[in-house]
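Working notes, structure below.
Residue numbers start from 1 in every chain, and the chains themselves are labelled A, B, ... in the order their sequence lines are given, proteins ahead of strands. Hydrogens, waters and symmetry mates play no part in the numbers below; they use all other heavy atoms, side chains included. Since the structure is predicted, the reported quantities are computational estimates derived from the model, not experimental observations.
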There are 2 protein chains.
Amino acid sequence: MQSDLYNIGEAAIASCISSKMIRRYEESGLIPKASRSLSDYRVYNGKNVNMLRFIKHARDLGFSVKQISSLLNLWTDQARSSSEVKSLATEHILLLDQKLKELNTMKSELTRLVSCCHGDERPDCPILDSLAQNEI
Amino acid sequence: MQSDLYNIGEAAIASCISSKMIRRYEESGLIPKASRSLSDYRVYNGKNVNMLRFIKHARDLGFSVKQISSLLNLWTDQARSSSEVKSLATEHILLLDQKLKELNTMKSELTRLVSCCHGDERPDCPILDSLAQNEI
DNA sequence: TAAAAACCTTACCTGTGGGGTAAGGTCAAG
DNA sequence: CTTGACCTTACCCCACAGGTAAGGTTTTTA
């Protein structure tokens, strides 16, 4: 009859978030404090696990914990406007774009250096030379 | 005559690494302990500053502090083979590639969700719906 | 020449998002 | 009733940086 109840290990498996992180999310206030069993074990219900899954999906999309906190508020707020969510997501895409640009710059520069390096037993190396340059 | 000497603030400006991080790099063993003035101020010479600049350039290329430690060893080892450096750099490119893929996956998925969201004052929102889905 | 500003020192806390370990309580199966 | 698997809290650690505080030194300025 109460098949809807999970302890933290079961909730971890069901949500793909480690017990460790579930406790941390609770401690940091991202999720509400779990109710406890007589022996002080955390007890979760299906709704709680859905929230954890929501968090997991958002983390997989690269949202920060802070952003997820906002998303959870919007999620549980039936009066939210979808534009609020959309702007949060759009902002996050801009951040992803920025990181992508940085990584691409690094990669192309490094690829150029690697292609200039003969990579044999000789000690002279354009990669180290470039890193040692005083000017870029 | 000793125009080649810098205190930590000057070394920071010359290398574009904050005083803070210079101290930390020393503490962590990435760079040797600086010599000290009579009043216990750290003193750097041109060679030290070149090492800091080397580190800065490598950080800008996304190398980890650990990798930079290896690069510094190779840099100061006149008997190194360029292949060692090249393989370290190549390995790092693979890591950059992996991160790029992850970020691209996030971005395209999120872009798809955003394009599905009408983003007006109505509460229904495909982004939240997707995050709340039990299956992906 | 004395005060003030600018710099240095160490030591500690913050964030971000995790991982690990230890010491002890609880539960279920054998 | 013991053993193993689970739970609890309380710490430590990683990378990589920023901030702040309290105190000493050096340089500039009035």
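- Without hydrogens or angle criteria, B:Arg59 side chain to B:Phe63 main chain gives a donor-acceptor distance under 3.5 Å.
- Between the side chain of A:Lys20 and the base of C:dG18, no donor-acceptor pair of N or O atoms lies under 3.5 Å.
- Judged by distance alone, with hydrogens and angles left aside, the side-chain atoms of B:Arg80 form a donor-acceptor pair with the main-chain N or O of A:Pro123 at under 3.5 Å.
- Within the 4.5 Å cutoff, the side chain of B:Asp124 has no heavy atoms near those of the A:Ser82 side chain.
- Where A:Gly62 and B:Val43 meet DNA chain C, the nucleotide closest to each residue was compared, and B:Val43 sits on the side nearer the 5' end.
- Counting heavy atoms of neighbouring residues, nucleotides and ligands inside a 6.0 Å radius, atom CD of B:Glu91 does not exceed 12 of them.
- Contact check of residues 89-110 of chain A against DNA chain D (heavy atom, cut-off under 4.0 Å) returns no residues at all.
- Residue contacts shown for B:Arg24 include a base, since a base heavy atom lies under 4.0 Å away.
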Contact list (N/O, under 3.5 angstrom) for nucleotides 27-29 of chain C vs protein:
{"unit_1": "C:dC27", "atom_1": "OP1", "unit_2": "A:Ser39", "atom_2": "OG", "d": "2.8"}

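- In this structure, the side chains of A:Leu52 and A:Asn48 stay at 4.5 Å or more apart for every pair of heavy atoms.
- If you check every strand for non-hydrogen atoms under 4.0 Å, A:Arg42 touches sugar and phosphate atoms only.
- The closest donor-acceptor contact from the side chain of B:Asn104 to the backbone of B:Leu100 lies under 3.5 Å.
- Using a 4.0 Å heavy-atom distance criterion, A:Arg23 is classed as a base contact.
- For DNA chain D, the span of nucleotides reached by chain B at under 4.0 Å from its heavy atoms goes, 5' to 3', from D:dC16 to D:dT26.
- We find that CG of A:Leu30 is positioned 15 Å from C1' of C:dG15, with the value rounded to whole Å.
- Of all nucleotides listed (C:dG18, C:dG19, C:dC8), C:dG19 comes nearest to the side chain of A:Ser18.
- A donor and an acceptor atom, one from each side chain of A:Ser130 and B:His57, are nowhere located under 3.5 Å apart.
- The closest side-chain heavy-atom distance from A:Leu113 to A:Glu109 is below 4.5 Å.
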